Amino acid sequence: MTNPIGDIGGADFILAIGTNTTESHPVIGLQVKKAVRNGATLVVVDPRRTEVAGLAHHHLQLKSGTDIALLNGLANVIISEGLVNKEFVDTRTEGFEALKEAVAKYTPEYVAEITGISPGVIREVARGYATAKNATILYTMGLTQHICGTDNVLAVANLAMLCGHIGKPNSGVNPLRGQNNVQGACDMGALPNVLTGYQSVTLEDVRSRFAAAWGVSELPAKPGLTVGEMIEAAARGEIKGMYIMGENPVLSDPDADHVIHALEKLDFLVVQDIFMTETARLADVVLPAASFAEKDGTFTNTERRVQRVRKAIEPLGEAKPDWQIICLVATAMGYPMQYGSPAEIMEEIARLTPSYGGISYQRLESRSLVWPCPAPDHPGTPILHVGKFARGLGKFHPVEYVPPAELPDEEYPLILNTGRRHFHYHTGTMTLRTGALEEYYGREHLEINPADARSLGIADGDRVRVVSRRGQVEVTARVVDTVPPGVVFTSFHFPEVAINKLTNTARDPVARIPELKVCAVRVEKIA
Amino acid sequence: MAEVTLTIDGRQVTVPAGTTVLDAARSAGIFIPTLCHDPELTPWGGCRLCVVEIEGMRNLPASCVTTATNGMVVHTASPAVVEARKTIIELLLANHPEDCLTCGRNGDCRLQDYAYLYGVREAGFVGERHHYPLEEDNPFIIRDLNKCILCGKCVRACAEIQGKNVVDFAYRGFNTKITPAMDTSLSGSDCVFCGNCVAVCPVGALQEKGLRAAARTWEVKKVRTTCPYCGTGCTFDLNVKDGRVVGVTSCDGEVNGRALCVKGRFGYGFIHHPDRLTKPLIKRSGVFEEASWEEAINLVAEKLGSIKKEYGSAALGVLSSARCTNEENYLMSKFTRVVLGTNNIDHCARL
Amino acid sequence: MANVTLTIDGQKVTVPAGTTVLDAARSAGIFIPTLCHDPAIPGFGACRLCIVEIPGMRNLPASCVTTVAEGMVVHTASEAVIEARRTIIDLLLANHPQDCLTCEKNGDCRLQDYAFMYGVRQTSFHGERKNHPLDDSNPYIIRDQNKCILCGKCVRTCQAVPGRSVIDFGYRGFNTRVVTAMDVPLGESDCVYCARCVAVCPVGALTYKPMAGKGRTWEMQKKSVTCTFCESGCTFELNIRDGKVIGITAKEPGPGRPLCLKGRLGLELLYVEKPMTPMLKKDGQFVPVSWAEALGLEGLVDRMKEVEGQP
Ligand code: SF4
Ligand code: SF4
Ligand code: SF4
Ligand code: SF4
Ligand code: SF4
Ligand code: SF4
Ligand code: FES
Ligand code: FES
């Protein structure tokens with residue numbers, strides 16, 4: 001996020017794209033509600049009528065996967081109606097002409113055809129966003145997931161820069177991250193192309209600095225493979241050994257049967273987790289890890305805030321904190337790795353990572369810090385891009401709408417949309433074992449529009465089979481008008497409804513994000 | 001902003017104009033008891049426990065809704081004030097169940113605190129008692145309306161913090177109670193079980209079901225930490241008793257204040273779930289067998305090492321975790337690059 | 001001494017012959033609730049809360065008075081045991097005032113602990129309530145007999161000091177009470193206010209008067225100190241609230257550690273932020289006295305300060 005969570009409550013205009021905020025990020029949702037109570041205009045872009053959509057002044061129920069067309073359409077209106085923040089564009093950005101050219105064809109009428117949103121509404125939303133004093137954009141998985149920026153993020157950034165709604169309070173471009181420490185995992189270089197703080201592995205001086213600090217002569221220079229590529233490589237027999245820590249790709253990745261097949265093909269798989277997950281079952285060795293309550297550390301939240309995790313109890317049984325296990329494996333492989341505590345590890349991170357340079361456990365004891373925090377006396381940076389972008393001038397990147405890889409056809413006439421539920425989290429490993437959440441919300445169902453249900457002869461509560469080109473699952477139908485005709489929805493929290501058996505592995509060419517939000521399915525009633 | 005100076009219990013106190021007498025007193029470290037007041041919620045002035053004596057004013061005004069003015073002379077603990085507070089507490093106790101013995105809030109209850117503080121041992125009035133059934137049909141929150149003192153904080157918290165308006169005052173007089181629309185239970189309403197009403201309730205009328213059955217308030221140690229679920233990063237206190245996490249309570253989080261969602265507040269049960277892995281496991285002929293750490297680590301090191309030797313670093317891959325800490329992700333990145341010699345590391349952030 | 005091995009809750013436990021089942025369980029870290037048991041004066045067996053199930057024995061024996069035997073099998077938390085404990089607590093509550101709201105013992109009371117632990121929320125018997133006046137006839141100890149559960153610990157600990165026996169059981173049936181000779185208030189009795197009884201009372205029937213109203217048990221931090229007044233070396237606790245010592249309470253008396261008023265007062269003077277005014281009985285009346293007189297030795301105070309260093 002370019003701006004803190006607390007800023008959202010003070011915005012005058014909120015454009016929430018593909019975020020079911022009140023369910024997926026409930027406490028951020030409170031800020032959205034607060035802004036609305038204080039008179040802000042809320043626009044929600046989502047095929048489904050979610051709780052937050054119910055609060056919106058405009059709910060743009062667009063066709064799945066057409067967000068870029070809509071964003072370009074908004075830019076088109078802003079430019080053609082002369083609502084551009086000229087001063088901001090002139091002094092802070094470059095490439096405006098190219099953008100202007102690229103969005104020229106995205107007239108409201110043209111965009112309406114693609115998205116199903118009426119031209120009038122597109123104009124009204126564009127005007128509202130452009131003329132608001134402080135407008136903020138929130139988005140999540142529905143749009144993009146990748147930290148280093150993809151075309152999709154850029155389409156949002158274009159809009160914010162056009163109107164100067166960035167680099168100041170109560171505005172900005174704000175991705176809401178799904179998991180507690182996605183931000184931190186990216187920051188720490190758990191990515192194939194960068195080391196900590198997004199320092200590229202392809203840069204000689206970066207590598208040599210890290211190599212020196214880590215006491216080795218050189219580090220690999222070639223960017224590695226992404227999750228999906230690793231799975232592909234495993235399936236082809238090119239990757240022979242994998243070490244998986246605290247992830248459950250069998251349930252969370254698209255085309256689950258294919259993932260299982262790939263992992264089974266490995267010569268050796270070690271999984272380190274707190275539960276015997278669907279992925280751990282495939283392992284040769286399973287290492288018992290400590291939960292968040294059993295260790296010290298830090299998480300970095302979606303607004304870049306680094307906060308302490310504190311040990312409350314001893315690890316259960318023989319479980320160990322992940323950091324200790326990694327040290328043991330490294331040491332056993334001939335590279336002695338030893339730290340007295342996570343605080344020591346953070347000292348090393350701070351030395352190697354400019355944006356974390358001023359962060360230490362000592363400072364975190366009294367309050368959190370928002371990176372970039374380059375020095376021990378730096379207060380942190382809650383708002384990014386104030387006065388200046390990191391690269392100097394903000395560059396407009398024209399982007400084009402590309403239709404989803406898999407569109408409905410006669411055989412698979414419906415679009416399957418997946419997401420999260422308020423009472424659950426991710427692959428359910430934790431939330432299905434709380435003794436409370438699963439008791440209250442214990443069974444998953446498939447949401448289907450009454451019109452589709454009628455034509456398929458499905459009644460509320462019927463068991464149905466959902467089939468895609470890749471797999472099928474059985475689930476109970478819930479007939480509701482919160483999903484539009486042509487779309488069905490469910491979550492990926494429940495192992496018994498392993499919906500990612502169905503989803504598509506087609507990936508965005510830059511970010512390599514699978515197209516989890518859109519895949520073609522058919523639904524049939526189980527007799 | 002303009003400032004006003006007033007005298008509270010003989011001390012000169014200067015505060016910005018518009019400050020309440022309550023806040024002025026608190027800013028000077030002078031204690032005034034409150035039941036219905038909450039700094040984050042709209043002032044209500046309903047319970048009257050915060051009454052003070054102000055020279056020149058008739059009656060005893062409620063300090064939480066009285067604005068400080070220049071030259072005002074306030075007495076926060078005069079005999080009349082203390083007498084009034086005692087009477088208020090007695091009246092509250094008159095129809096309050098005598099249940100501290102096993103009440104989950106025993107030891108962390110404002111009514112109890114003030115009864116002790118003002119030495120109100122017994123209700124001076126023998127009032128009619130309510131006989132509402134205990135509401136415990138959901139796994140998160142217990143509602144015991146017999147203990148409700150009608151301070152209305154839950155109503156305001158639900159509306160103003162949670163933005164839901166699930167609960168409100170209903171009926172009149174002695175029968176006044178707090179309830180969802182149509183007088184249903186919470187589970188029959190729109191309630192999302194954020195528990196933010198529980199966090200503000202001053203007494204035992206709203207309680208965390210798991211926590212309050214597992215421990216008495218004085219038995220728990222609180223450890224401040226960050227929520228392990230979504231990327232919002234709410235702060236809360238883990239409540240620990242005898243080495244077990246028995247619940248979660250709100251603190252004043254930098255991101256979230258006291259607000260949490262159902263997962264953060266009530267989703268801690270996985271920590272001690274019997275399914276937790278507690279021993280290293282090695283698969284032998286398709287079956288997992290328990291192993292020692294030494295054995296397991298040596299096997300991992302040997303296998304990864306031999307793949308690297310035979311097929312090269314590119315034949316190895318690592319998935320790090322968006323759930324683990326920064327330090328752990330950093331070490332995993334270091335391990336992958338230095339020990340395995342590859343950049344094949346990613347996590348499921350893209351998913 | 002010979003050892004015996006028995007099985008408690010499925011766990012093999014080996015203890016010296018002659019050990020009670022209660023001590024055997026405790027030595028193995030197995031919890032059994034007790035109310036009347038005093039480790040310094042064992043063998044009373046009245047409250048029955050410590051009952052366990054021992055197959056082959058009729059009824060549920062009280063573990064604090066049952067000696068272990070070779071091969072014995074004990075269940076400390078079987079359904080029958082839990083049920084019986086619930087009934088006992090329920091009966092105790094039947095004529096116990098519902099006074100935890102402001103009771104000084106709230107938070108450190110065994111009756112309350114066990115009621116919570118066994119989920120006895122409210123008594124199902126409607127017993128007659130006692131209505132004894134509060135006995136605060138002396139400056140040191142408050143007696144609230146309405147809260148007394150007649151465990152007898154105070155009686156036994158008082159009698160354990162040769163020639164003392166200030167209190168004993170009196171009357172019968174529902175009217176049974178712990179009384180002084182002639183049932184006079186404690187202030188008029190031969191009581192020496194050593195507070196041995198207060199130290200062992202499991203509930204709020206006996207509490208310290210100087211601490212009344214000064215804070216609740218959960219607000220207090222405790223720190224052990226050893227009295228150096230005489231060579232017995234009795235142990236006391238400083239009760240600290242918000243960083244200030246607000247009172248002295250005695251820890252349970254033990255062999256050679258009798259507890260006495262002088263020792264407690266000495267520590268009061270030494271540690272307590274605002275020490276109470278010492279009072280001694282003269283001609284049947286409590287009157288304020290100087291510290292030197294209260295402690296019985298001129299110059300003692302100075303000597304103690306020398307030994308202990310300034311607090
Ligand atoms: S709500 Fe407070 S006063 Fe009432 S029973 Fe519970 S602890 Fe006692
Ligand atoms: S739990 Fe949350 S939603 Fe439910 S009544 Fe309380 S504040 Fe409202
Ligand atoms: S339930 Fe609690 S917060 Fe709500 S009115 Fe009653 S006492 Fe106040
Ligand atoms: S409490 Fe809820 S909103 Fe806050 S971090 Fe946890 S899961 Fe997210
Ligand atoms: S006063 Fe206390 S110690 Fe004495 S019998 Fe009663 S409860 Fe037991
Ligand atoms: S003696 Fe114990 S149970 Fe009785 S009122 Fe006092 S604290 Fe409550
Ligand atoms: S706190 Fe002021 S009236 Fe309730
Ligand atoms: S403790 Fe054994 S009978 Fe009382």
Side-chain angles (χ1 to χ4, degrees), chain A residues 25-27 33 145 177 179 182 184-185 188-190 192 214 219-220 224-227 230 239-247 252 268 270 284 286 288 291-293 297-299 301-302 307 309-310 312-313 316-317 322-323 326 328 330 332-333 335 342 345 425 430 433-436 439 513, chain B residues 139 163 223 225-226 228-234 238 240 243 245 254 256 259 261 266-267 269-271 273 275-279 281-283 297 300-301 303-304 307 315-331 333 335 337-339 343-344 346-351:
Chain A
H25 297 85
V27 169
K33 289 181 182 173
Q145 287 87 1
R177 306 211 137 240
Q179 299 182 61
V182 186
M188 289 303 108
W214 289 348
L219 291 174
L225 305 179
T226 63
V227 193
M230 278 189 243
I239 286 216
K240 305 229 175 262
M242 282 190 80
Y243 186 168
I244 299 179
M245 168 172 84
E247 294 276 8
S252 63
F268 186 70
V270 49
D284 297 290
V286 177
S291 78
F292 83 110
T298 56
F299 290 154
N301 80 349
T302 188
Q307 307 193 99
V309 174
R310 289 186 185 82
I313 56 170
L316 261 62
D322 292 286
W323 63 272
I326 300 166
L328 288 175
M333 290 183 75
Y335 179 81
I345 307 174
Y425 173 74
M430 282 143 67
R433 292 187 177 90
T434 61
E439 203 182 294
I513 305 161
Chain B
V223 180
T225 196
T226 304
Y229 288 112
C230 86
T232 306
C234 297
L238 284 174
V240 181
V245 174
E254 285 178 82
N256 54 310
C261 80
F266 299 113
F270 75 91
I271 297 171
H273 194 278
D275 287 356
R276 276 288 303 276
L277 296 168
T278 55
K279 281 211 162 73
L281 301 171
I282 294 177
K283 200 184 267 169
I297 294 285
V300 171
K303 289 284 185 183
L304 294 179
I307 291 173
L316 291 167
V318 170
L319 290 189
S320 196
S321 175
R323 313 263 180 74
C324 290
T325 63
N326 288 327
E327 293 74 7
E328 289 161 347
N329 278 290
Y330 168 77
L331 287 193
S333 158
F335 169 80
R337 275 133 179 158
V338 172
V339 183
N343 281 317
N344 290 344
D346 201 355
H347 61 282
C348 295
R350 296 150 208 273
L351 304 170

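Order of the sequence lines fixes the chain letters, A, B, ..., with proteins taken first and strands second; residue numbering starts at 1 for each chain. Note that the structure is a prediction, hence the values are computed from the model and not measured.
- B:Ile307 touches chain A through its side chain: at least one heavy atom from C-beta onward sits under 4.5 Å away, while N, CA, C and O do not.
- In terms of heavy-atom proximity, A:Ala190 sits nearest to B:Asn329 at CB-OD1, 3.8 Å.
- Residue contact with chain A, scored on non-hydrogen atoms closer than 4.5 Å, involves the backbone and the side chain of B:Leu331 alike.
- Of the two parts of B:Val240, only the side chain, counted from C-beta on, holds a non-hydrogen atom closer than 4.5 Å to a non-hydrogen atom of chain A.
- For the atom pair CG (A:Leu225) and CG (B:Asn344), the distance works out to 4.0 Å, reported to the nearest 0.5 Å.
- In plain terms, the two heavy atoms of A:Ile313 and B:Gly243 that are nearest each other are CG2-O, 3.3 Å.
- Looking only at side-chain heavy atoms (C-beta outward), A:His25 and B:Cys230 come within less than 4.5 Å of each other.
- In terms of modelled atom types and a separation under 3.5 Å, the side chain of A:Gln307 and the main chain of B:Gly233 share a donor-acceptor contact.
- Heavy atoms closer than 4.5 Å to chain B are found in both the backbone and the side chain of A:Met242.
- Separating the CD atom in B:Glu328 from the OG1 atom in A:Thr298 is a distance of 9.0 Å, to the nearest 0.5 Å.
- Comparing A:Gly241, A:Gly317, A:Gly184 by heavy-atom pairs within less than 4.5 Å of chain B, the highest count is held by A:Gly241.
- Interface residue A:Asp284: only backbone heavy atoms are found under 4.5 Å from chain B.
- With a 4.5 angstrom heavy-atom cutoff, A:Ile244 touches chain B via backbone and side-chain atoms both.
- No side-chain heavy atom of B:Ser320 sits less than 4.5 Å from a side-chain heavy atom of A:Met188.
- The most heavy-atom pairs under 4.5 Å with chain A, out of B:His273, B:Lys279, B:Lys303, B:Arg276, come from B:Arg276.
- Not one N or O on the side chain of B:Asp346 forms a donor-acceptor pair closer than 3.5 Å with the backbone of A:Pro192.
- When each of B:Cys261, B:Gly317, B:Gly269, B:Gly163 is scored by its heavy-atom pairs under 4.5 Å with chain A, the top score falls to B:Gly317.
- Using a 4.5 Å cut-off on side-chain heavy atoms (C-beta onward), A:Ile326 and B:Tyr330 make no contact.
- Across all their heavy atoms, A:Ala293 and B:Ile271 have their closest contact at CB-CD1, 3.7 Å.
- Across every non-hydrogen atom of A:Ala330 and B:Val339, the tightest pair is CB-CG2, 4.1 Å.
- Across every non-hydrogen atom of A:Phe299 and B:Asn326, the tightest pair is C-ND2, 3.9 Å.
- Once rounded to the nearest 0.5 Å, the distance linking OG1 of B:Thr226 with CG of A:Asn301 reads 8.5 Å.
- Between A:Tyr243 and B:Leu316, every side-chain heavy-atom pair lies at or beyond the 4.5 Å cut-off.
- Considering only heavy atoms from C-beta on, B:His347 comes within 4.5 Å of A:Val182 through its side chain.
- Within the 4.5 angstrom heavy-atom criterion, atoms from both the backbone and the side chain of A:Val309 approach chain B.
- By number of non-hydrogen pairs under 4.5 angstrom with chain A, the leading residue of B:Val300, B:Leu238, B:Val245 is B:Val300.
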Worked check of side chain to side chain contact (heavy atoms under 4.5 Å, CB included) between B:Leu319 and A:Met230: CA-CA 9 Å; B:Leu319 290 189; A:Met230 278 189 243; 4.1 Å; yes
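- B:Val338 and A:Trp214 get closest at one heavy-atom pair: CG2-CE3, 3.2 Å.
- With values rounded to the nearest 0.5 angstrom, B:Cys324 atom SG is found 8.0 Å from A:Glu247 atom CD.
- Considering OG1 of B:Thr325 and CG of A:Asp322, their distance stands at 7.5 Å, rounded to 0.5 Å.
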